[in-house]
Protein chains: 2
Amino acid sequence: MGNEETVPLAHRVPDLGALELLLTVARVGSLSGAARRLGITQPAASSRIRAMETRLGVALVDRSPRGSTLTAEGALVTDWARRVVEAAEAFDAGAQALRGRRDSRLRVAASMTIAEYLLPGWLIALRGERPGTAVSLHAGNSADVAQRVLAHEADLGFVEGLTVPDGLDSAVIAQDRLVVAVAPTHPWARRSKGVEPAELAAAPLILRERGSGTRQVLDAALAGSGGLAQPLLELASTTAVKAAALSGAGPCVLSELALVEELAARRLVSVPVPGAALARALRAVWPTGTRPAGPARDLLSLTRR
Amino acid sequence: MGNEETVPLAHRVPDLGALELLLTVARVGSLSGAARRLGITQPAASSRIRAMETRLGVALVDRSPRGSTLTAEGALVTDWARRVVEAAEAFDAGAQALRGRRDSRLRVAASMTIAEYLLPGWLIALRGERPGTAVSLHAGNSADVAQRVLAHEADLGFVEGLTVPDGLDSAVIAQDRLVVAVAPTHPWARRSKGVEPAELAAAPLILRERGSGTRQVLDAALAGSGGLAQPLLELASTTAVKAAALSGAGPCVLSELALVEELAARRLVSVPVPGAALARALRAVWPTGTRPAGPARDLLSLTRR
DNA sequence: ATAAGGCCATAAACTGATGTTATGGGTAAC
DNA sequence: GTTACCCATAACATCAGTTTATGGCCTTAT
């Protein structure tokens with residue numbers, strides 16, 4: 001992890017406003033049109049795009065009296081920029097919910113994995129369909145979520161795990177799989193048949209700490225095949241686990257949601273474990289007897305379709 | 001697509017510098033320590049974090065005379081922030097390569113899909129292992145890449161497709177699968193058996209324009225089962241195709257690399273097509289007879305492990 | 001105890017990027 | 001040729017983020 005940053009990232013990457021402007025120029029087809037849409041003046045847009053071009057050392061748009069279109073390099077840069085902006089939108093959606101205003105019309109409680117990886121996307125979609133829905137969010141473990149829902153401090157809860165807490169009705173909204181992943185240099189990476197549960201149980205693994213939802217499911221899946229998993233490292237955050245596995249320290253076990261990008265780019269390789277039940281349901285929960293209505297129903301239907 | 005943004009995204013989300021600072025505080029455990037590491041003064045860090053807290057309306061760090069640790073909400077926000085910063089790092093890695101400086105010691109030519117989704121990650125990894133390697137990048141279609149490599153204008157090329165251009169040696173670095181994806185509301189989303197190739201060939205699909213690598217592979221795979229694919233929409237960019245599919249216009253066909261996030265969040269659902277060969281090799285290429293050496297060899301080995 | 005060295009907060013002055021208004025020069029369509 | 005788009009440049013305003021200069025709090029070593 002040697003980090004010898006001379007100049008911080010923020011000085012080498014255009015800020016979000018500039019990236020958003022670039023995306024808008026790409027969509028609209030002119031600098032002045034993009035400026036209008038963003039509520040700034042045309043010279044401001046012009047100078048900002050120019051500043052970005054000189055900073056990157058690449059021409060991004062072809063200007064003509066009839067409008068501006070992206071250059072080939074500009075198209076590539078715009079695609080990369082889009083990923084930054086989308087991540088920022090997810091941040092914004094989550095952060096707004098976290099503000100937890102009293103007047104929120106939809107109060108949600110969710111487990112960490114769901115709050116981290118899925119909820120921002122749902123909130124963006126919800127904002128698209130029901131603009132004006134104010135959402136507040138509390139994140140915690142399953143017991144915490146259950147308690148909030150039961151106490152009517154949350155209108156809807158989301159939990160991951162094997163069982164549904166008492167007093168709650170639930171609907172399965174997705175299956176989350178736990179994935180055993182290793183660095184591509186690890187011997188297991190070349191085993192197309194994967195590993196047996198017994199071998200997994202005997203191997204030293206990089207894991208989340210005991211008590212986490214991930215750990216529960218893993219221990220349950222291995223209970224019949226040689227007992228509990230052997231921790232090589234027990235780390236407190238998903239990120240720390242990923243970082244350790246990426247550095248080649250050993251196999252890690254995490255939700256596939258946390259590993260999507262690493263697996264797609266082959267920075268980590270997933271190892272099949274035939275015969276082990278590493279799936280867990282992601283559930284929406286609400287108090288028994290009631291039915292989610294209003295905004296809660298909107299969000300629930302979003303997550304299920 | 002209704003976008004009624006009152007205030008632009010950039011005013012609601014902390015800028016990259018603030019997010020980077022938050023990540024550093026989380027890692028280091030103190031405001032002043034993080035400030036030192038980023039080359040700013042302690043009051044600057046303090047005020048920036050405070051500004052972020054008031055903007056979000058949430059306390060992010062617990063300050064104490066012995067240091068600062070994240071609050072529960074702060075940890076969640078930090079995770080979201082990390083995704084933004086990682087996207088920005090990918091942007092930076094790609095943009096630096098695009099600059100195409102003359103003194104670049106490694107000149108790469110790559111097809112669009114690879115340049116867009118995989119190369120930034122490789123460049124980050126390369127910078128980690130061989131700091132100081134200056135990379136220049138040209139993106140284009142397969143023929144363009146081949147020509148550059150043959151003319152020794154690029155030290156290493158990356159292409160996707162069914163065949164290897166003449167005069168080049170190659171190594172398969174990964175298999176890319178084309179994925180048929182639909183919105184969760186689409187009838188195909190519930191078909192666990194998927195669709196037959198003949199049915200796929202007969203259905204109106206959202207596709208990239210004729211001539212794209214994606215389209216080539218799809219047509220080849222369907223050649224034996226009812227002829228070419230039927231385009232419902234022919235769009236010029238991956239993003240446009242995704243957007244159309246997300247809105248429920250119909251099934252789309254794209255590289256799984258482009259769909260990773262949508263599939264993970266279940267915004268789109270992949271439809272299996274048993275019996276259709278929708279895989280394509282991603283290959284590194286270089287002039288026949290030569291062997292990649294130096295920085296080219298470093299990058300090549302990165303991509304393969 | 002007292003001194004020393006972490007940590008964080010506040011105040012006031014400085015800087016620069018980003019914005020504005022004002023103006024000018026192009027091309028296309030009627 | 002007039003109108004209506006487009007983009008560029010110049011001069012000035014504004015505000016967020018910075019630094020320097022302080023001060024207070026807690027822990028640890030003398």
Side-chain angles (χ1 to χ4, degrees), chain A residues 5-57 59-71 74 81 85 88, chain B residues 5-57 59-71 74 81 85 88:
Chain A
E5 306 275 341
T6 321
V7 62
L9 184 64
H11 291 174
R12 291 179 299 166
V13 178
D15 64 63
L16 287 169
L19 299 181
E20 203 181 3
L21 173 60
L22 180 61
L23 295 189
T24 309
V25 169
R27 221 186 35 197
V28 175
S30 85
L31 293 188
S32 44
R36 269 194 301 278
R37 196 160 304 224
L38 294 179
I40 61 177
T41 57
Q42 171 264 320
S46 180
S47 107
R48 224 169 173 188
I49 293 283
R50 178 167 299 285
M52 186 158 40
E53 284 177 320
T54 56
R55 180 184 315 204
L56 300 181
L60 298 175
V61 300
D62 269 334
R63 297 135 222 257
S64 90
R66 304 182 330 199
S68 295
T69 60
L70 294 178
T71 63
V85 170
Chain B
E5 306 276 343
T6 321
V7 62
L9 184 63
H11 291 172
R12 293 179 298 166
V13 178
D15 64 60
L16 287 169
L19 299 182
E20 202 180 5
L21 173 61
L22 179 62
L23 295 190
T24 309
V25 169
R27 220 186 36 195
V28 174
S30 85
L31 294 188
S32 44
R36 269 194 301 278
R37 195 160 304 225
L38 295 180
I40 61 177
T41 58
Q42 171 266 320
S46 179
S47 107
R48 224 168 174 189
I49 293 283
R50 177 167 299 284
M52 188 158 37
E53 284 177 319
T54 57
R55 178 182 318 204
L56 300 181
L60 298 175
V61 300
D62 271 332
R63 298 136 222 257
S64 90
R66 305 182 330 201
S68 296
T69 60
L70 294 178
T71 63
V85 170

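Here is how names work: the chains are called A, B, and so on, in the same order as the sequence lines, proteins then strands, and each is numbered from 1.
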Would you give the length of the straight line joining atom CG of Leu22(B) to atom CD of Glu20(B), rounded to the nearest 0.5 angstrom? 11.0 Å
Any donor and acceptor pair, going by atom type alone, linking the side chain of Ser68(B) with main-chain N or O of Val61(B) inside 3.5 Å? no
Minimum-distance pair of heavy atoms, taken over all atoms of Leu31(B) and Ala45(B): O-CB, 4.0 Å
To the nearest angstrom, the CZ-C1' distance between Arg36(B) and dT19(D) comes to 17 Å
side-chain hydrogen bond (donor to acceptor under 3.5 Å, both in side chains): which pairs involve residues 42-56 of chain A, sequence neighbours left out? Asp15(A)-Arg48(A), Glu53(A)-Arg63(A)
With nearest nucleotides of DNA chain C determined for Asp15(A) and Gly67(B) from heavy-atom distances, which residue corresponds to the more 5′ nucleotide? Gly67(B)
Ser32(A) side chain near dC7(D) phosphate (N/O to OP1/OP2, under 4.0 Å): yes
Arg48(A) side chain, from C-beta outward: closest of dA8(D), dT18(C), dG17(D): dT18(C)
For Arg12(A) and dA17(C), what is the distance between atoms CZ and P respectively, to the nearest whole Å? 18 Å
Does Asp62(B) reach a base, just sugar-phosphate, or nothing at all? Heavy atoms under 4.0 Å. nothing
Less than 4.0 angstrom between a side-chain N/O of Arg63(B) and OP1 or OP2 of dC7(C), yes or no? no
Within this structure, what is the OG1-CG distance for the pair Thr24(A) and Leu19(A), rounded to the nearest 0.5 Å? 10.5 Å
Within less than 4.0 Å of OP1 or OP2 of dC8(C), is there a side-chain N or O belonging to Ser68(B)? yes
Determine: side-chain N/O of Ser30(A) to OP1/OP2 of dC6(D), distance under 4.0 Å, yes or no. yes
Leu21(A) CG to dC7(D) P: how many Å, rounded? 11 Å
Distance in Å, Ile40(B) CD1 paired with Ser32(B) OG, rounded so as to fall on 0.5 Å steps: 11.0 Å
Could you state the atom-to-atom distance from CG of Leu38(A) to P of dT18(C) in whole Å? 14 Å
Within this structure, what is the CG-CZ distance for the pair Leu70(A) and Arg27(A), rounded to the nearest 0.5 Å? 12.5 Å
Considering every strand and a 4.0 Å limit on heavy-atom distances, what is the contact class for Ser47(B): base, sugar-phosphate, or nothing? base
Under 4.0 Å: is that the gap between some side-chain N or O of Arg55(A) and OP1 or OP2 of dA17(C)? no
Could you run down nucleotides 20-30 of chain C 5' to 3' and tag each one B, S or - for protein heavy-atom contact under 4.0 Å? BBB----SS--
Separation of His11(B) atom NE2 from dG17(D) atom P, in whole Å? 11 Å
